[in-house]
**Q** 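What follows is a single structure, and I will ask about it in a moment.
Per chain, numbering begins at 1; letters A, B, ... match sequence-line order.
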Amino acid sequence: MNGGAARLLRRIAPQLVTLAVILATIGFVFPGFFNIAFANERLYGSPIDILNRGAPVALLAIGMTLVIATRGIDLSVGAVMAICGAIAASAITAGYGLPLTLLMALGAGIACGLWNGLLVAVLGIQPIVATLILMVAGRGIAQLITEGAILTFNDAGLAYVGSGSFAALPMPAVLWLSVGVAVALLVRRTALGMLIEAVGVNRRASSLAGVSSRLLLITVYAISGLCAALAGIIVAADIRGADANNAGLFLELDAILAVVVGGTSLLGGRFSIIASLIGAMIIQSVNTGILVAGFPPEFNLVIKACIVLAILVLQSPALYGAAILLRRTS
Amino acid sequence: MSESQALLRTEGLTKTFPGTRALDAVDFDLRAGEVHALLGENGAGKSTLIKCLTGAYRRDAGEILLEGAPIDPRDTQDALALGIGTVYQEVNLLPNLSVAENLLLGRQPRRVGLVRRRAMNDRARAMLARYGLSIDVTRNLDAYSVAIQQIVAIARAVSMSGRVLILDEPTASLDRDEVAMLFDVVRGLRDNGLGIIFISHFLDQVFEIADRVTVLRNGRLVGVHDIGGLDRLRLVNLMLGRELAEETRETGRGGIDYDAAPRLRFSGTGRRGAIAPFDLDVHRGEVIGVAGLLGSGRTETAELMFGAAPMDCGSVTSEGRPLRLASPRDAIGAGFGFSPEDRKTSGIIGDMSVRENIVLALQARQGWLRRVPMRRQRELADDFIKRLDIRTSDAEKPIGELSGGNQQKALLARWLATNPEFLILDEPTRGIDVGAHAEIIRMIEELCASGMSLLVISAELDELVAYSHRVIVVRDRVHVAELVGEAITTDAIVKAIARPAAEAGENAR
Amino acid sequence: MIAKTLLGAGLLASMTLLSSAALAQTVGFSQIGSESGWRAAETTVTRQEAEKRGIDLKFADAQQKQENQIKAIRSFVAQGVDAILLAPVVATGWDAVLQEAKEAEIPVILLDRMVDSDKDLYLTAVGSDLVHEGEVAGKWLVDEVGDRECNVVELQGTTGSSPAIDRKKGFEQAIADASNIKIVRSQTGDFTRAKGKEVMESFLKAEGGDTICALYAHNDDMAVGAIQAIKEAGLKPGSDILVVSIDAVPDIFQAMAAGEANATVELTPNMAGPAFDALAKYQADGTEPPKFIQTESKLYTQADDPMKVYEEKKSQGY
């Protein structure tokens, strides 16, 4: 097991270093950044904000990692967030009660995932096209549910999911951390992870070796839908309202970016959920850092793009190879 | 041109990789106007030598001389410009472009920046005419057989380089007629003064086409010989550094009790457009060989029997009980295993480790919930690596980095790990080196002795004769003949393949 | 959506029969669609205003497509309506169809948004002045804080959008003379509730909650999000931190009723009222209205019975 831990550390080392460098840079620019206080029975401070605000992208990244490992991609997660947030908001205002509301919203997420999975695995549509359908239609569906306006609610139970705290941590952080650990354990303690990787590397060979790749693909998209549903519920619960126009908008891109920064190849195969989660935290650190730094907003996207470019260049295999070469020649 | 003048020469060529010395001070010379075969087991250094010549690798030491002048190709483009062209086993052209575009890609005749399509097609036709090939050059490359694609690749390489042509296992996926066609082309080029380096595992072909032979072993030069002064056994000995106990047997084997109830019975199973309905009983401890030309329906037979291509008629029983074979999972559940013909696209999971590749089928059968414990995975992998002599630094190495023969052995291990009762092997010895070849044949014999039933497809008839109890001959998607025991000879198989269908049906068995 | 189009088409069809016999005025209204709550309210209020004046309103929903709007205007012209209201989805490409309306001597009044056509092609345009909205918000703050030192944080709209630019400009103009008020942080919240909350959180961290005296948000949605962030930081929005925003959507009135927001500037959905008034004068004695009629940017505070306004607004279809 020790060997396994060492291997994991080696795998996520580049991401950890990147995260540390970014946090250190923010801390340098804004010295009060690491101050953490305890108030209202929870920890309070910018690092906690990163854990809290990073929840949607982190959750999406969990599902996206599995999908990408099968050489797929799920563009619909942002729209699925909007659908599930809208369903949660309308169910709670219709008086269904918290358990049923959560069940309905999560169930809708799974249903969306199954739809994607069927298109990809059974009909053989390319993942980028198959999930594009729901990406476009999904936001429309969400808008139909909320009738175009922000559907607000005042249920304290549902709001707790978005802005409550548990064990001194904000609830969204608790949720993504536990889902992340649960899914990471699920794929590594069972054979799911290995079979997903096998299907991602060579679907035909895997099928001939008896792997039920069709079922596996559907499962992976369903997990992605479920993660998106939870992210959607959190976002809606956070602002106590379902904003169908804006909830999860462009978040699929951040999720894909988190997976890529986490070092999982878009060509499928080897994946690491933990690395993707660190990737999500890297992205959120950049976002929070930009907000804290107080640059004019016109610079936000440019700064973010430059940092992401730097990260990807630093992690690129070509540079890695050059570094090894340099070390050997010196 | 004088015989002694070397066209391409290496002196003391050395290349090391972490842990291995792939080439150790190798001297090699190629004359203009000869076909020079480069032989050796996988790992002997053939591909490393080629890659140094074509600039894919940078050598660590030594000289490369082209017509006496030292050269230092930085990449394959550079090598092409110097006059060294290469054609690989897997044609690396663009299948979705036309033949003409493939031939002239990057050098199309242009007028004001636009490709002059007609001029391009005319030029392509003229190029191919030199090789006795008259085909529609406007069709996509993948509309043609692999042999034609190879010739197109050769034509492209020769037109761009023109002095040295390297053929890296060009015949591996060709049938007999296609090989003959290719060899005509090669001879023509040789007579025009090209120096040709030819790499192949098929010794017959080496004797047929080569003028001289260079043998490598473990990165070292073993010797250079004129083909006239060599016999087959001597050559194999040079390559292996040891004697092969017995190369072939004369006739097939007996000893199967055909009156006993069969293990499996396929009755009238077939699939429209793939293979006509056939009956086939599979007995305990029996090796059934399947012979036929490429595209005759032999692979389709295997895929049908494994559930990879569902049957649309007929039925299957196992030990007398009906068996459903709608998918590979059904087949695996019934104790089947299947090593497909195309190792790279249908067999190995390239980026994954040898261990994971070996465990995969067992794990898939157990289901994702019941993971094979890591310790057991390691045991299995290490055990098979030892038993099948899989050459790898360790079990965690990605299988894609192994040589073809070792990949094949790992695939065999994948199925042996599931303890199958019936193993289907489609071309298990294609494109692998002599040593691994012999070991796989030995494995087949051992497995059937232990009671396993096997169905083996091979284009190597000697090989089929050596291990089969029965041989099914397939032609034009029909099982046309069945030879048993002593009736199995190379001659008989060839005759069955060549005989018209009506006659064959009567004379089977 | 489909139902609405069918309804629109049905109305148009039945209108052909009515128009010759109609005694009352007939006005065609080409609406962009129903992409936001405010847009829906504009449609509702326009209908109410027409009814109040006994005007027969022909409504056509363009579903965000200019070609649908052009089609609708052509059919209004063909039916010989007395006037046309147009809320244009884009600014360009209207010359030809406006020319057709002009030749048919049907006055066109633009609502809410402007077009890049020649001013002669339409009677007038009714809309709000974005800079003025910012000024009203800024002026309220100047009056509210008096001589106190006041550090303001600003939630901007989507970077580069004209409401974000103009509402920022107006607010800055209004506080320019008050040296005690200064904007200490300004960041975009993309007009959304979620971003408003997230950015407010970072403001509170960066500046420290007790040094911030007021929040100015370019729309109410961001303010509603920010109010939650302030509450979660253990501060009282509305008293510890003053909250002023723009738009006057129903939810902000709820917050005002709870004492959590202080003021909002209304972007009125009633564009049709002034339009109909100008039209009536023009038809009565040919008075040419000015080419731009600015709607009132009304300030609402906690003193304005926010709950009542909330109910009123809700009924308008926000």
**Q** Counting heavy atoms not belonging to A:Phe250, are there more than 12 under 6.0 Å from its CZ?
**A** no
**Q** Within 45° of the six-membered ring axis of A:Phe33 and under 6.0 Å from that ring's centre, is NZ or CZ of C:Lys205 located there?
**A** no
**Q** Kindly check if the number of other-residue, nucleotide or ligand heavy atoms within 6.0 Å of OH (A:Tyr160) is above 12?
**A**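 Yes, because the 6.0 Å sphere around OH of A:Tyr160 holds more than 12 heavy atoms from other groups.
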**Q** Testing the basics here: between A:Pro297 and C:Gln156, what is the closest heavy-atom pair and its distance to 0.1 Å?
**A**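 What the structure gives for the nearest pair is CG-NE2, 3.5 Å.
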**Q** Among the options A:Leu249, A:Asp243, A:Ile150, A:Leu301, pick out the one with the most heavy-atom pairs lying under 4.5 Å from chain C.
**A**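 The candidate making the most pairs under 4.5 Å is A:Ile150.
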**Q** Is chain A contacted by the side chain of C:Ala233, its backbone, both, or neither, given a heavy-atom distance below 4.5 Å?
**A**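 Contact with chain A: backbone and side chain both.
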**Q** Tell me, out of C:Asp190, C:Thr192, C:Val184, who's got the most heavy-atom pairs with chain A below 4.5 Å.
**A** C:Thr192
**Q** Where on C:Gln228 is there a heavy atom nearer than 4.5 Å to chain A: the side chain, the backbone, both, or neither?
**A** side chain
**Q** Ignoring hydrogens, what is the shortest heavy-atom contact between A:Val292 and C:Ala206? Give both atom names and the distance.
**A**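 Scanning both residues, the minimum pair turns out to be O-CB, 4.2 Å.
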**Q** Heavy-atom distance under 4.5 Å to chain A: side chain of C:Gln187, backbone, both or neither?
**A**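 For C:Gln187, heavy atoms of backbone and side chain both lie under 4.5 Å from chain A.
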**Q** Is A:Asn300 close to chain C through its backbone or its side chain, or both, or neither, when contacts mean heavy atoms under 4.5 Å?
**A**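 Side chain of A:Asn300 only, per the 4.5 Å heavy-atom cut-off to chain C.
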**Q** Is C:Trp38 atom CH2 crowded by more than 12 heavy atoms from other residues, nucleotides or ligands, each under 6.0 Å away?
**A**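 More than 12 within 6.0 Å, yes.
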**Q** Taking atom CZ of A:Phe295 as the centre, report whether more than 12 heavy atoms of other residues, nucleotides or ligands fall under 6.0 Å from it.
**A** no
**Q** With chain C as the partner, which of A:Glu298, A:Arg240, A:Gln143 has the greatest number of non-hydrogen pairs under 4.5 Å?
**A**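 Among the listed options, the one with the most contacts to chain C is A:Arg240.
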**Q** Given a strict heavy-atom distance threshold of 4.5 Å, which part of C:Thr188 is in contact with chain A: side chain, backbone, both, or neither?
**A**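 Looking at C:Thr188, backbone and side chain both touch chain A.
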**Q** Can C:Lys197 and A:Ser163 be said to form a side-chain contact (heavy atoms from CB on, under 4.5 Å), step by step?
**A** CA-CA 11 Å; C:Lys197 184 173 181 187; A:Ser163 49; 3.8 Å; yes
**Q** Give, as side chain, backbone, both or neither, the part of C:Arg193 having an atom under 4.5 angstrom from any heavy atom of chain A.
**A**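 Both backbone and side chain of C:Arg193 come within 4.5 Å of chain A.
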**Q** At what distance, to the nearest 0.5 angstrom, does NZ of C:Lys195 lie from CG of A:Asn246?
**A**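 If I round to the nearest 0.5 Å, the distance is 11.0 Å.
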**Q** Nearest 0.5 Å, what's the CD-CG distance between C:Glu198 and A:Asn52?
**A** 9.0 Å
**Q** Using non-hydrogen atoms only, which part of A:Ala293 is less than 4.5 Å away from chain C: side chain, backbone, both, or neither?
**A**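 Only the backbone of A:Ala293 comes within 4.5 Å of chain C.
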**Q** So what's closer than 4.5 Å to chain C heavy atoms on A:Asp238: side chain, backbone, both or neither?
**A**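 Both backbone and side chain.
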